[in-house]
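Just so it is clear, the values below take in all heavy atoms, side chains as well, and ignore hydrogens, waters and symmetry mates. Quantities reported herein were computed from a predicted structural model and do not represent experimental measurements. Chain naming here is simple, since letters A, B, ... match the order of the sequence lines and numbering starts at 1 in each.
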Amino acid sequence: MARYWLLKSEPSVFSIDDLRRAPRQTTSWEGVRNYQARNFLRDDMQVGDQALFYHSNVTPAGIAGIVEVVRAGYPDHTAFDPESRYYDVKSDPARPTWFMVDVRLVRVFPRLITLDELKRTPGLETMLVIRRGMRLSVQPVTESEWHVVLALAGGEPALA
DNA sequence: GCCAACGTTGGC
DNA sequence: GCCAACGTTGGC
């Protein structure tokens, strides 16, 4: 049973356009350094799960499209690379602390679904991403929330 | 750039 | 284990 997720990325670091131009429109979701998010990546995300691609720390913030998990959790090797911005001196390759998944672009929405719009949409009242102070960068999304968001995106799928 | 909210660290 | 200090996130 596929699950639904929301993945945050700052577009100045990695945007949905970057993913669209990436080889095979696939990327590793590296650099998550929060334990709760790590647990989702390591333990819960499965091949075939789909995720909303959320642009954070930008005006306006919002959902830009959909990705699909194509590889389940595996160690985030950037934690072992001193040259990486995600290097973590305390992460032991023999017992990795941090994990990542691979995702492939499924769809770019014809327009950004803004955070403000999410907040005003019936059916999304308890969606995690609209919660004040919610910093979790990997979040579960319920099936009903998923369908409401896709209805907002509207129209025919804008395929990647 | 500001700053509130949050997660982590580390002294005790 | 407590909790103040600190660094980061992320909306605005």
Side-chain angles (χ1 to χ4, degrees), chain A residues 3-22 27-45 49-69 72-103 105-142 144-146 148-154:
Chain A
R3 297 198 205 186
Y4 300 110
W5 306 95
L6 179 144
L7 296 171
K8 289 185 191 173
S9 184
E10 301 189 20
S12 62
V13 177
F14 189 79
S15 71
I16 202 162
D17 254 0
D18 294 326
L19 180 55
R20 192 171 48 75
R21 291 190 295 260
T27 189
S28 54
W29 203 260
E30 66 197 41
V32 172
R33 297 291 179 267
N34 166 281
Y35 287 102
Q36 195 179 352
R38 185 279 311 272
N39 292 345
F40 286 135
L41 293 172
R42 185 189 62 187
D43 305 331
D44 299 313
M45 294 183 79
D49 286 2
Q50 293 198 307
L52 303 169
F53 192 119
Y54 182 86
H55 280 175
S56 65
N57 201 20
V58 67
T59 304
I63 298 167
I66 296 172
V67 299
E68 178 174 356
V69 177
Y74 63 105
D76 180 346
H77 52 77
T78 66
F80 314 132
D81 175 7
E83 301 301 310
S84 170
R85 61 177 293 181
Y86 302 122
Y87 179 58
D88 177 4
V89 67
K90 298 196 298 291
S91 180
D92 174 5
R95 292 196 44 174
T97 305
W98 305 116
F99 284 73
M100 59 188 180
V101 299
D102 289 353
V103 298
L105 184 61
V106 171
R107 181 178 168 192
V108 179
F109 288 162
R111 63 185 183 85
L112 190 77
I113 315 259
T114 66
L115 178 59
D116 183 62
E117 186 174 357
L118 296 174
K119 288 176 176 172
R120 290 186 282 101
T121 300
L124 300 183
E125 293 85 353
T126 59
M127 193 173 185
L128 290 175
V129 73
I130 70 170
R131 233 183 247 179
R132 170 179 175 73
M134 167 52 70
R135 303 188 340 188
L136 191 59
S137 64
V138 179
Q139 303 176 4
V141 170
T142 70
S144 74
E145 289 164 352
W146 180 266
V148 171
V149 170
L150 262 60
L152 283 179

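- If you check residues 34-43 of chain A against DNA chain B, the residues with a heavy atom closer than 4.0 Å are A:N34, A:Y35, listed by number.
- For the side chain to side chain donor-acceptor pair (under 3.5 Å) test, residues two or more places apart in sequence or in another chain that qualify with A:W5 are A:D49.
- In this view, A:R21 and A:D17, A:D18 satisfy the side-chain contact (heavy atoms from CB on, under 4.5 Å) rule, not counting sequence neighbours.
- Residues forming a side chain to side chain donor-acceptor pair (under 3.5 Å) with A:E10 (at least two apart in sequence, or on another chain): A:N57.
- A:F53 pairs by the ring pair (Phe, Tyr, Trp, His ring centres under 6.0 Å) definition with A:W29, A:H55, not counting sequence neighbours.
- Residue contacts for A:S56: at a heavy-atom cut-off of 4.0 Å it reaches the sugar-phosphate backbone alone, with no base atom in range.
- With sequence neighbours excluded, the residues satisfying side-chain contact (heavy atoms from CB on, under 4.5 Å) with A:S84 are A:T78, A:D81, A:Y86.
- With sequence neighbours left out, the side chain to side chain donor-acceptor pair (under 3.5 Å) criterion links A:Y35 to no other residue.
- Pairs of residues two or more places apart, or lying in two chains, that qualify as salt bridge (charged side-chain N to carboxylate O under 4.0 Å, His left out) and include a residue from residues 29-41 of chain A are A:R33-A:D76.
- Heavy-atom distances under 4.0 Å link DNA chain B to A:R132, A:G133, A:R135 of residues 121-136 of chain A, given in residue order.
- Between A:V32 and A:W98, the shortest heavy-atom contact is O-CE3, 3.5 Å.
- Considering only residues two or more places apart in sequence or on other chains, A:Y87 meets the side-chain contact (heavy atoms from CB on, under 4.5 Å) condition with A:P82, A:V89.
- Legend: salt bridge (charged side-chain N to carboxylate O under 4.0 Å, His left out) pairs involving residues 113-142 of chain A, not counting sequence neighbours, sorted by first then second residue: A:R111-A:E117, A:D116-A:R120.
- Chain A approaches DNA chain B within less than 4.0 angstrom (heavy atoms of the protein), and the contacting nucleotides run 5' to 3' from B:dA4 to B:dT9.
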